[in-house]
Number of protein chains: 2
Amino acid sequence: MELNPKKTAVIFKAFCDESRIIILQILKDGEKCACRLLEALNITQPTLSHHMKTLLDSGIVNGRKEGKWMYYSISEEGLKKAQEYLDYLKGEV
Amino acid sequence: MELNPKKTAVIFKAFCDESRIIILQILKDGEKCACRLLEALNITQPTLSHHMKTLLDSGIVNGRKEGKWMYYSISEEGLKKAQEYLDYLKGEV
DNA sequence: ACCACATATAGAGATTTGTCAATATGTTTT
DNA sequence: AAAACATATTGACAAATCTCTATATGTGGT
């Protein structure tokens, strides 16, 4: 656990907004195109793009470009990092 | 996993601010009085109070009043809830 | 009852964040 | 090359958040 406070906060920003939780809920079913996410949420396309940037920055979501489409999925590695931090707080280090 | 998006976001607000991460870092060592936390942080007493309220609301921290002192500690139960959510996203449900 | 101390609340200012409309970039098809 | 489409970026505004000073509340000791 060498994470500094600022970096740790960035990771968990993924989970502290309602819209992003809904996005993660959808991605839980598997990789989705941005357009599919947009259909499911009551936000505009630029707002979705903004949230996806936050999620990518957090490391909790992976992005993959295929042609004109952008595919997003949950990053097992990112989730693991978040879990490791919670374990660390539990004193299970 | 019956958590609604708003409630989930509230839980994780505990981890998405730099000052709160530092507070959790200190509480990892065990229960601490508010005055001890205040010494360790470069913030005013009302600001600390505000962050402690956020942490209590998230369920990640427990509070206990003893005389004029307020003691805070990490809530194993709260942490467990956060971890369960991350597990859920991993598809390990 | 009063004073000293620890913490909480109220209110205000500054910063950050979420949101949108408008526009730019990049890709595919015709 | 142009048109159509998917996504990203810009710039502006509103809402939420962080921070402070000032003040209130509550507790223990004198």
Side-chain angles (χ1 to χ4, degrees), chain A residues 4-27 30-75, chain B residues 4-27 30-75:
Chain A
N4 69 44
K6 202 169 291 189
K7 281 184 187 173
T8 304
V10 168
I11 292 174
F12 283 95
K13 282 213 194 307
F15 310 107
C16 65
D17 174 84
E18 198 178 341
S19 296
R20 290 196 288 270
I21 294 292
I22 296 173
I23 291 168
L24 291 171
Q25 169 71 36
I26 297 169
L27 292 183
E31 189 182 63
K32 292 280 182 304
C33 172
C35 55
R36 299 271 291 120
L37 294 172
L38 191 56
E39 286 171 14
L41 295 156
N42 257 354
I43 56 178
T44 62
Q45 181 269 321
T47 299
L48 175 63
S49 192
H50 160 78
H51 283 307
M52 296 323 292
K53 182 164 168 27
T54 303
L55 286 167
L56 288 175
D57 288 347
S58 76
I60 298 298
V61 163
N62 285 323
R64 177 175 72 82
K65 193 173 184 177
E66 189 179 319
K68 49 180 173 174
W69 291 280
M70 192 69 197
Y71 288 94
Y72 295 102
S73 58
I74 289 179
S75 163
Chain B
N4 68 45
K6 202 169 289 190
K7 282 185 186 172
T8 304
V10 168
I11 293 174
F12 284 93
K13 282 213 196 304
F15 309 106
C16 64
D17 175 84
E18 198 177 341
S19 297
R20 290 195 289 271
I21 293 291
I22 296 172
I23 292 168
L24 291 170
Q25 170 70 36
I26 297 169
L27 293 182
E31 190 183 63
K32 293 279 181 305
C33 171
C35 55
R36 300 271 291 119
L37 294 172
L38 192 54
E39 286 171 15
L41 295 156
N42 256 355
I43 56 177
T44 63
Q45 180 268 321
T47 299
L48 175 64
S49 192
H50 158 78
H51 283 306
M52 296 324 291
K53 183 165 168 28
T54 303
L55 286 167
L56 289 175
D57 288 347
S58 76
I60 298 297
V61 163
N62 284 324
R64 178 174 70 82
K65 194 172 184 177
E66 189 179 319
K68 47 181 172 172
W69 292 280
M70 192 70 197
Y71 288 95
Y72 295 102
S73 58
I74 289 179
S75 162

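Reminder, nothing fancy here: chain letters follow the sequence lines and each chain counts from 1.
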Next on the checklist: Under 4.0 Å, counting only non-hydrogen atoms across every strand here, what does B/Tyr72 touch: a base, just sugar-phosphate, or nothing?
Outcome noted: sugar-phosphate

Checklist entry - Do the side chains of B/Met52 and B/Ile23 get nearer than 4.5 Å, heavy atoms only? => result yes

Item to check | Partners passing side-chain hydrogen bond (donor to acceptor under 3.5 Å, both in side chains) against A/His50 (at least two apart in sequence or in another chain) | outcome: none

Are there any protein N/O atoms within less than 3.5 Å of an N/O atom in nucleotides 1-6 of chain D, and if so, which ones and at what distance?
{"residue": "D/dA6", "atom": "O3'", "partner": "A/Lys68", "partner atom": "O", "Å": "3.4"}

Next on the checklist: Within the 4.5 Å heavy-atom criterion, are A/Ser73 and A/Asn62 side-chain neighbours or not?
Outcome noted: yes

Checklist entry - For B/Leu56, which residues count as a side chain to side chain contact (heavy atoms under 4.5 Å, CB included) partner, sequence neighbours excluded? => result B/Val61, B/Tyr72

Checklist entry - Mind checking what makes side-chain hydrogen bond (donor to acceptor under 3.5 Å, both in side chains) contact with A/Thr47, not counting sequence neighbours? => result A/Thr44

Item to check | Residues that B/Lys53 engages under salt bridge (Lys or Arg N to Asp or Glu O under 4.0 Å), provided they are two or more places apart | outcome: B/Asp57

Checklist entry - B/Glu31: what forms a side-chain hydrogen bond (donor to acceptor under 3.5 Å, both in side chains) with it, not counting sequence neighbours? => result B/Arg64

Provide a list of protein-nucleic acid N or O atom pairs under 3.5 angstrom, restricted to nucleotides 16-20 of chain D.
{"residue": "D/dC18", "atom": "OP1", "partner": "B/Asp17", "partner atom": "OD1", "Å": "3.4"}
{"residue": "D/dC18", "atom": "OP1", "partner": "B/Arg20", "partner atom": "NH1", "Å": "3.4"}
{"residue": "D/dC18", "atom": "OP1", "partner": "B/Arg20", "partner atom": "NH2", "Å": "3.1"}
{"residue": "D/dC18", "atom": "OP2", "partner": "B/Arg20", "partner atom": "NH1", "Å": "3.4"}
{"residue": "D/dC18", "atom": "OP2", "partner": "B/His50", "partner atom": "NE2", "Å": "3.3"}
{"residue": "D/dT19", "atom": "OP2", "partner": "B/His51", "partner atom": "NE2", "Å": "2.5"}
{"residue": "D/dC20", "atom": "OP2", "partner": "B/Thr44", "partner atom": "N", "Å": "3.0"}
{"residue": "D/dC20", "atom": "OP2", "partner": "B/Thr44", "partner atom": "OG1", "Å": "3.0"}
{"residue": "D/dC20", "atom": "OP2", "partner": "B/Thr47", "partner atom": "OG1", "Å": "2.7"}

Next on the checklist: Of all nucleotides in DNA chain C that come within under 4.0 Å of a heavy atom of chain A, which is furthest toward the 5' end and which toward the 3' end?
Outcome noted: C/dT17 to C/dT28

Item to check | Any residue meeting side chain to side chain contact (heavy atoms under 4.5 Å, CB included) with B/Cys35, in chain and number order, not counting sequence neighbours | outcome: B/Cys33, B/Trp69

Checklist entry - With B/Lys65, which residues qualify under side chain to side chain contact (heavy atoms under 4.5 Å, CB included), at least two apart? => result B/Met70

Checklist outcome for this item: Residues passing the side chain to side chain contact (heavy atoms under 4.5 Å, CB included) test with B/Gln45, sequence neighbours excluded, are B/Leu38, B/Ser49

Next on the checklist: Among A/Leu41, A/Asp17, A/Ile22, A/Leu37, exactly one meets side chain to side chain contact (heavy atoms under 4.5 Å, CB included) together with A/His51. Which residue is that?
Outcome noted: A/Asp17

Item to check | Separation of atom CD in A/Glu66 from atom P in D/dT7, rounded to whole Å | outcome: 11 Å

Checklist entry - If you measure from CG on A/Leu55 to CG on A/Leu24, what distance do you get to the nearest 0.5 Å? => result 5.5 Å

Item to check | Angle between terminal axes - the helix from C/dA1-D/dT30 to C/dT30-D/dA1, 5 pairs each end, rounded to 10° | outcome: 20°

Next on the checklist: Without decimals, in angstroms, what is the distance between B/Lys53 NZ and D/dT25 C1'?
Outcome noted: 16 Å

Item to check | B/Arg20 side chain to B/Lys13 backbone, donor-acceptor under 3.5 Å | outcome: yes

